[in-house]
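Taking it in order: structure first as structure tokens, then the write-up.
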Amino acid sequence: MFAWWCFVEKNDFLAWLRSIEVKWQEKWREARAFEPRVEPDKPKYFITVPYPYTNAPLHIGHGRTYTIGDIVARYKRLRGYNVLFPMAFHITGTPIIAISERIARGEEKIINRYKGYVSVYVKDPVEVEKIIESFKDPLKLATFFAERVHLDFDALGYSIDWRRKFHTGEPVYNAFVTWQFLRLKEKGLITQGDHIVTYCLLHKQPEGEDDIQDADVNPVEILEFTAIKFKLVDEENTYLVAATLRPETLFGATNLWVNPEADYVLVKWRGEKIIISKEALVKLQHQHPDDEFKVLKEFKGRELLGKKCISPLGRELYVLPAKFVDPDNATGVVYSEPSDAPYDYAALMELKRNPEQLREYGLDPSIVKDIEPIKIIEVPGVEGHHAAVVVEQMGITSQYDPRLVEATKTAYREQYYRGKMIVDDPEFKGLSVSEAKEKIKKKLISMNMAFIFYELNRKAFCRAGGKIIAAKIKGQWYIDYSVPWWKEKTREYVEKELKIIPVKYKKAMLDAIDWLEKRPCARKRGLGTRLPFDPEWIIESLSDSTIYMAFYTIIHIIRKNNIKAEQLKPEVFDYVFHGKGDPKKISAETKIPVEVLEEMRKEFTYWYPVDQRHTGIAHISNHLSFFVFHHVALFPPEHWPRMISLNEMVIREGVKMSKSKGNVILLRDIAEKYSADLFRLYAAGAANLDTILDWREKEVEMVIDNLRKFKVLAEKALRAECKETCGERFIDKWFMSRFNKIIEEATNALDNMEIRDYVQNAFYQVLSIIDHYRERTSPEEALCMVKRILDKWIKLLNPVIPHLTEEIWSWMNGEGFLSLNEWPVAKKEEINEEVEALENMVERLVDDIKNVLNVLSPKPTKAVIIVASPWKYEVVKLVEQGKSIKEIIQSIRDKHGLKGREKEIIDTIQQYKKAPLKEALKVNPTNEYNVLVEAKNYIEKKTGLEITIMWEEEARTQKVPRAEKAHPLKPGIYLH
RNA sequence: GCGGGGGUGCCCGAGCCUGGUCAAAGGGGUCGGGCUCAGGACCCGAUGGCGUAGGCCUGCGUGGGUUCAAAUCCCACCCCCCGCACCA
């Protein structure tokens with residue numbers, strides 16, 4: 001019953017939190033609190049987080065990133081910066097279109113998924129149906145989710161300037177991207193060429209992951225086979241083409257395999273006749289779209305059996321049957337290398353065991369007798385033929401055994417990384433397998449004995465069932481990130497100037513920049529902007545999102561003045577971003593008033609560059625690299641981005657969130673079931689930026705309790721009746737010292753993007769010093785202390801829990817929005833190292849007493865605490881000054897009349913050297929005595945002993961044992 | 001493979017860059033206590049081992065090394081995670 005009651009109480013609190021969150025969000029919106037104007041005298045801070053792709057609701061993983069962005073925005077605002085934190089929506093690319101088409105096609109699975117997504121926001125099922133229906137228009141789908149995500153962001157309290165929102169399908173945005181691509185082209189950064197892609201035979205167009213069945217879970221890769229030509233002995237200019245991923249094994253080829261039941265073709269191509277499978281021909285044609293292929297003959301594989309071929313190395317090989325050969329994989333012909341390839345070994349052995357099989361095909365069984373594996377690769381630790389070893393170890397006897405896949409994997413891996421070629425050919429002898437592979441491939445191709453054949457790593461079909469193959473498309477447009485001046489400039493900037501947090505990702509960023517080469521930047525499908533110089537193509541989604549932060553600075557002006565896309569000619573952007581051209585002339589051409597042009601220019605030059613871009617680590621090798629690259633290409637150095645900050649992803653209860661697992665927590669759930677401040681506090685405080693955040697319900701519950709504790713504390717503190725002259729005891733000073741230090745630490749943490757540290761300090765540490773203070777004093781006094789610091793405390797917490805602190809600020813009758821107030825400054829004069837040292841001493845003392853109490857029996861009931869004689873403090877100081885033992889003894893003895901007690905001086909020195917309590921240097925002995933007197937009740941409470949406090953000299957005269965064990969900041973204790 | 005990150009106490013997780021004050025923060029869990037309530041709120045304590053005086057021993061993936069001193073620096077090994085492209 002109580003459990004139930006508590007549960008309700010917790011939910012009530014959350015409901016209350018949500019209610020004040022909505023209230024403050026409305027107030028901020030009404031007051032346009034986060035819509036900054038250009039204020040030339042005020043320092044600006046321009047922070048951006050990448051706009052979301054709006055094909056589905058966002059989840060807490062996204063929320064983590066945006067929340068961190070907002071915390072920084074709010075912090076900088078409190079620090080007196082004019083902060084611009086804008087947001088827009090990304091709809092460019094194929095996924096939205098793909099979804100739209102699948103809905104239109106009536107695909108049950110996707111419709112249900114989207115019904116689920118829509119019902120997150122729309123409760124009425126009839127309405128949901130209507131909306132799903134509207135999704136047949138991709139733009140409707142995109143804008144639906146864009147609008148919802150906007151609401152979700154508001155519900156999390158993000159301090160976004162929404163006047164500047166747009167989506168990437170808008171004509172005005174297209175005009176901006178058009179400008180960008182024209183200028184990139186002029187700079188020679190855009191090239192055209194051939195490209196191998198996944199291609200759909202049904203739709204006769206390239207189709208990527210979004211269009212291929214299960215490609216999201218089981219990715220489709222394009223593999224590069226080496227297709228090697230084996231000349232048929234009895235035929236003129238005719239080759240059997242065997243494809244392999246391991247051309248170096250050609251040295252050990254013993255025969256060729258074809259599938260007797262499969263269809264093969266004899267094709268005239270490039271003046272030669274080649275034999276490949278029927279399926280392979282289609283692929284080859286698509287990989288050489290300009291070539292002519294003439295099919296001379298079609299026949300079954302069995303017709304090839306028993307024929308002899310000559311390998312490029314000159315060896316004569318028989319063509320033999322093997323049913324494991326898949327005609328729909330590469331050329332449908334393979335050569336056999338039974339020494340290293342488990343499949344080949346298994347098939348060969350099977351054939352040797354059942355030579356009658358050969359008779360079926362009219363072959364003489366004796367031909368297999370002579371075929372033996374040829375060892376060409378030596379792998380340390382492997383005796384004999386590697387394939388034989390593996391196959392026999394696993395007890396595989398048939399070429400159909402599925403374990404051969406695994407066997408192949410292990411054998412190949414070992415060969416590839418550890419294997420050495422032991423062939424006779426001096427050119428290859430001794431090479432590692434990986435070296436030999438590349439070398440022979442090149443050689444064979446240059447000899448015209450081989451060509452590259454592209455094949456997929458698995459069978460793949462488009463969502464409509466069309467077969468996917470690897471094909472070459474011509475005239476693909478690229479952005480060429482390998483252009484030397486561009487790469488060098490970008491690299492240098494990133495290396496020397498760009499700040500990257502956490503720093504450990506700088507290397508990753510530099511590597512990505514080095515590694516980037518040509519990247520296809522347009523496709524024939526999808527939403528987005530057309531390439532201005534080749535409008536058949538649509539600019540691909542990552543390429544149109546590299547410098548759009550510049551667009552934030554002017555979009556609201558474009559809207560305010562109702563400027564149309566047609567007016568946004570490239571010259572407009574040249575002027576706004578570069579000050580190039582004559583505004584009057586541009587105005588005349590575009591009908592955009594000169595003042596508006598100038599306003600845009602002013603806005604851009606005020607806000608640019610981007611001071612900070614914050615996003616997920618996953619973006620380093622693509623978006624973030626492009627972001628820097630494009631700025632370097634299109635803007636002068638003073639407008640290049642200043643800082644990139646990154647955070648890791650979010651998982652839930654130790655496992656990745658995914659649609660299929662159904663364990664995704666959406667941002668909408670935060671707004672409806674949890675609370676914005678709760679999420680913010682948790683997301684920011686539970687893990688460092690570079691650590692994966694594990695959302696654990698149990699811990700979230702704890703955070704709820706802590707938030708509630710905070711709220712109750714504030715409430716009670718404000719109601720508390722306190723004397724103005726709140727005490728100046730040691731413990732009060734201690735509290736203020738700690739609190740001021742926390743302000744300093746929290747500030748430092750935020751300045752260094754150590755968000756978790758900030759939360760730990762500003763929230764948890766403060767709660768913990770309040771607890772300690774309460775224990776040392778009383779609940780009432782603790783409340784008064786909270787009252788004293790409350791306004792600073794809520795300011796400190798405002799960036800992370802803006803709603804609750806805003807609410808408390810209103811209870812305090814604070815003026816204006818707390819969110820627009822000032823960041824608290826630590827009072828240096830209240831930081832008191834001596835007092836902190838003394839409090840540490842008290843804590844240590846309590847620990848020590850308990851420790852001793854632990855060992856003693858029978859249990860004592862009283863304790864004497866003995867404060868070291870003041871001369872011992874002097875000893876400590878002299879030791880620190882580096883005085884010799886002799887000197888110290890002399891001066892202390894003379895000064896304090898300790899003749900005959902030199903041994904004690906030495907003990908003191910030794911004790912200090914053994915365990916130097918440097919804090920003792922900051923402490924006045926009288927204060928040590930006094931603080932103990934002040935803490936007497938506390939110590940009694942903690943230890944359950946009756947406490948007496950004495951100076952060492954007094955204890956000595958009273959013959960209290962162990963009195964001489966008192967040392968500075970380590971009082972002697974005697975329990976009895 | 002190439003490139004990057006990481007392995008810490010029952011669990012999660014800080015610390016490691018800038019060696020000592022680290023048996024190692026903070027959570028969680030467990031056990032015990034308090035709160036005029038047989039409370040999954042809150043507060044306090046215990047939670048590697050040993051110990052009749054505040055101490056000792058073991059310990060931060062494994063094995064070596066540097067050092068007066070190593071979770072922290074160096075080397076080797078084992079294991080885990082991520083990216084490798086045209087996909088947002």
Side-chain angles (χ1 to χ4, degrees), chain A residues 1-7 9-10 13 50 52-55 90-96 195 197-198 206 208-210 215-216 219 221 413 416-417 434 476 478-479 502-505 507-512 514-523 526 540-543 545 617-623 625 648-649 654 685-688 690-692 694 696 698-699 701-706 708-709 712-713 756-757 760 764-765 768 771-772 774-775 779 844-845 847-858 860 915-919 941-942 961-962 965 970-975:
Chain A
M1 207 170 82
F2 276 110
W4 177 78
W5 175 246
C6 266
F7 188 61
E9 212 173 275
K10 203 172 251 179
F13 172 66
Y53 188 71
T54 58
N55 66 334
H90 196 204
I91 71 165
T92 310
T94 50
I96 287 176
H195 188 48
V197 295
T198 46
E209 189 180 296
D210 306 314
D216 44 341
E221 290 171 60
R413 192 176 24 205
Y416 190 81
Y417 300 131
S434 52
Q476 170 69 51
Y478 295 90
I479 294 177
V503 281
K504 69 178 178 189
Y505 296 114
K507 174 101 173 69
M509 182 97 198
L510 287 169
D511 287 348
D514 288 341
W515 161 84
L516 275 166
E517 286 177 26
K518 285 183 188 155
R519 179 192 165 87
C521 65
R523 355 172 70 201
E540 168 274 336
S541 58
L542 286 185
S543 302
S545 303
I617 285 161
H619 291 134
I620 291 175
S621 64
N622 42 59
H623 169 257
S625 296
E648 265 288 2
M649 58 191 299
N688 284 335
D690 59 353
T691 305
I692 292 173
D694 190 1
R696 272 180 274 168
K698 189 98 202 166
E699 284 177 18
E701 295 282 319
M702 297 307 296
V703 177
I704 299 176
D705 291 335
N706 284 322
R708 178 160 59 163
K709 185 172 150 193
V712 170
L713 213 48
R756 177 177 188 269
D757 264 17
Q760 289 295 328
Y764 296 101
Q765 278 297 334
S768 127
D771 281 343
H772 186 244
R774 179 189 302 114
E775 247 206 300
R844 269 197 311 270
L845 179 66
D847 272 356
D848 282 348
I849 292 175
K850 280 197 275 199
N851 198 345
V852 173
L853 214 42
N854 221 324
V855 235
L856 290 184
S857 73
L917 270 168
K918 300 220 163 143
E919 287 186 328
K941 186 169 77 184
K942 292 294 242 190
R962 315 181 58 79
K965 297 237 175 200
K970 192 170 171 59
I973 47 183
Y974 172 64
L975 310 194

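Remember, it's a predicted structure, so these values are computed and weren't measured experimentally. Residue numbers begin at 1 in each chain, while the letters A, B, ... track the order of the sequences.
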At under 4.0 Å between heavy atoms, what does A:Thr92 touch on the DNA or RNA strands: base, sugar-phosphate, or nothing? sugar-phosphate
Does a side-chain N or O of A:Ser543 approach OP1 or OP2 of B:C86 to a distance below 4.0 Å, or not? no
As a test of reading the structure: which of B:G83, B:A85, B:A88 is closest to the side chain of A:Pro95, going by heavy atoms? B:A88
Sequence neighbours excluded, the answer for side chain to side chain donor-acceptor pair (under 3.5 Å) partners of A:Lys850 is none
Mind checking side-chain contact (heavy atoms from CB on, under 4.5 Å) for A:Val855 and listing every partner two or more places apart, or none if nothing turns up? none
Atom CD1 of A:Ile96 to atom P of B:A88: distance rounded to whole Å? 10 Å
So which nucleotide from B:C86, B:G54, B:A41 ends up closest to the side chain of A:Leu845? B:G54
Using only atom types and a distance under 3.5 Å, with no angle test, would you say the side chain of A:Asp694 pairs donor to acceptor with the backbone of A:Gly654? yes
Checking all strands, does A:Pro52 fall into the base, sugar-phosphate, or nothing category for heavy-atom contacts under 4.0 angstrom? nothing
Length of the line joining A:Leu516:CG and B:C86:P, which is rounded to integer Å: 13 Å
Nearest to the A:Lys965 side chain among B:G54, B:C43, B:A88, which nucleotide is it? B:G54
Rounded to whole Å, the CE-P distance (A:Met509 to B:G83) equals 18 Å
Does A:Glu775 offer a backbone N or O that forms a donor-acceptor pair with the side chain of A:Lys941 under 3.5 Å? yes
Collect all protein-nucleotide pairs involving nucleotides 3-6 of chain B in which both atoms are nitrogen or oxygen and the distance is under 3.5 Å.
residue: B:G3; atom: O2'; partner: A:Asp511; partner atom: OD2; Å: 2.9
residue: B:G4; atom: OP1; partner: A:Lys507; partner atom: NZ; Å: 3.4
residue: B:G5; atom: O3'; partner: A:Lys504; partner atom: NZ; Å: 3.3

Pairwise C1' distance, B:U58 and B:A71 [rounded to whole Å]: 15 Å
Could you encode protein contacts along nucleotides 18-27 of chain B as a string, one character per nucleotide from 5' to 3', using B for base contact, S for sugar-phosphate-only contact and - for no contact, with a heavy-atom cut-off of under 4.0 Å? -------B--
Rounded to whole angstroms, how far apart are NZ on A:Lys698 and C1' on B:U30? 12 Å
Between C1' of B:G28 and CD1 of A:Ile704, the distance in whole Å: 15 Å
Side chain of A:Ile973 only, please: which of B:G54, B:C86, B:A14 is the nearest? B:G54
Could you say whether A:Val855 or A:Ala686 is positioned toward the 5' end of RNA chain B, judged by the nucleotide with the nearest heavy atom to each? A:Ala686
Testing B:G51, B:G45, B:A85 for proximity to the side chain of A:Lys850, the answer is B:G45
My understanding is that only residues two or more places apart in sequence, or in another chain, count here; which of them pass side chain to side chain donor-acceptor pair (under 3.5 Å) with A:Arg756? none
Determine the Euclidean distance between corresponding C1' atoms of B:U30 and B:G20; express it in Å to zero decimal places. 34 Å
Short side-chain to backbone donor-acceptor contact, A:Gln760 and A:Ala686, under 3.5 Å: no
Take atom CZ of A:Arg708 and atom C1' of B:A41, then tell me their distance rounded to the nearest Å. 6 Å
Categorize A:Asp771 for me: base, sugar-phosphate, or nothing, with a 4.0 angstrom heavy-atom threshold over every strand shown. sugar-phosphate
Hey, is the side chain of A:Thr691 poking within less than 4.0 Å of OP1 or OP2 on B:A14, counting only N and O atoms? yes
Atom pair distance, as rounded to whole Å: CG in A:Asp847 and P in B:U47: 10 Å
Let me spell it out: for each of A:Gly972 and A:Glu775, pick the nucleotide of RNA chain B with the closest heavy atom. Which residue's pick is nearer the 5' end? A:Glu775
Take atom C1' in B:G9 and the same atom in B:G15, then report the distance between them in whole Å. 14 Å
Holding to salt bridge (Lys or Arg N to Asp or Glu O under 4.0 Å), I want the full list of residues that pass it with A:Asp771, two or more places apart in sequence or in another chain. A:Lys709, A:Arg774
Does A:Ile692 reach a base, just sugar-phosphate, or nothing at all? Heavy atoms under 4.0 Å. nothing
Among B:G45, B:A53, B:A14, the nucleotide that comes nearest once only the side chain of A:Asn688 is considered: B:A14
Span that lies between the P atom of B:C17 and that of B:G6, in whole angstrom: 13 Å
Those residues at least two apart in sequence (or on a different chain) that pass side-chain contact (heavy atoms from CB on, under 4.5 Å) with A:Val852 are A:Leu856, A:Ile973, A:Leu975
Among B:A85, B:C43, B:A88, which is the nearest nucleotide to the side chain of A:Arg774? B:C43
Please pick, from B:C86, B:A53, B:C44, the nucleotide with the shortest atom-to-atom distance to any side-chain atom of A:Glu540. B:C86
By the 4.0 Å heavy-atom rule, please label A:Glu517 as base, sugar-phosphate, or nothing. base
Hey, does the side chain of A:His623 reach the backbone of A:Ser545 with a donor-acceptor pair shorter than 3.5 angstrom? yes
Rounded to whole Å, CG of A:Asn706 lies from P of B:A41 at a distance of 11 Å
B:C80 versus B:U67 - spacing of their C1' atoms, nearest Å: 31 Å
Nearest to side-chain heavy atoms of A:His90, which nucleotide of B:U52, B:C86, B:A88: B:A88
Partners meeting side chain to side chain donor-acceptor pair (under 3.5 Å) with A:Ser541 (sequence neighbours left out): none
Sorted by chain and residue number, the ring-ring contact (aromatic ring centres under 6.0 Å, His included) partners of A:Tyr478 (sequence neighbours excluded) come out as A:His195
For a quick check, tell me whether the side chain of A:Asp848 and the base of B:G54 share a donor-acceptor pair closer than 3.5 Å. yes
Hey, are the side chains of A:Pro860 and A:Leu853 touching, using non-hydrogen atoms and a 4.5 Å cut-off? yes
Which nucleotide in the list B:C44, B:G54, B:A88 gets nearest to the side chain of A:Lys942? B:C44
Considering residues at least two apart in sequence or located in another chain, which fulfil the side chain to side chain donor-acceptor pair (under 3.5 Å) criterion with A:Lys918? none
Distance, P atom - from B:G32 to B:A41, rounded to whole angstrom: 16 Å
Looking only at atom C1', what distance separates B:C78 and B:C86, rounded to whole Å? 37 Å
What residues form a side-chain contact (heavy atoms from CB on, under 4.5 Å) with A:Asn851, not counting sequence neighbours? none
Distance check, P atoms only: B:G59 and B:A23, in whole angstrom units. 13 Å
When pairs are called at under 3.5 Å and a stem needs at least three consecutive Watson-Crick or G-U pairs, the stems of RNA chain B are B:1-7 with B:78-84, B:10-12 with B:26-28, B:29-34 with B:42-47, B:48-50 with B:55-57, B:61-65 with B:73-77
Would you find a donor on one side and an acceptor on the other, under 3.5 Å apart, between the side chain of A:Tyr764 and the backbone of A:Asn706? no
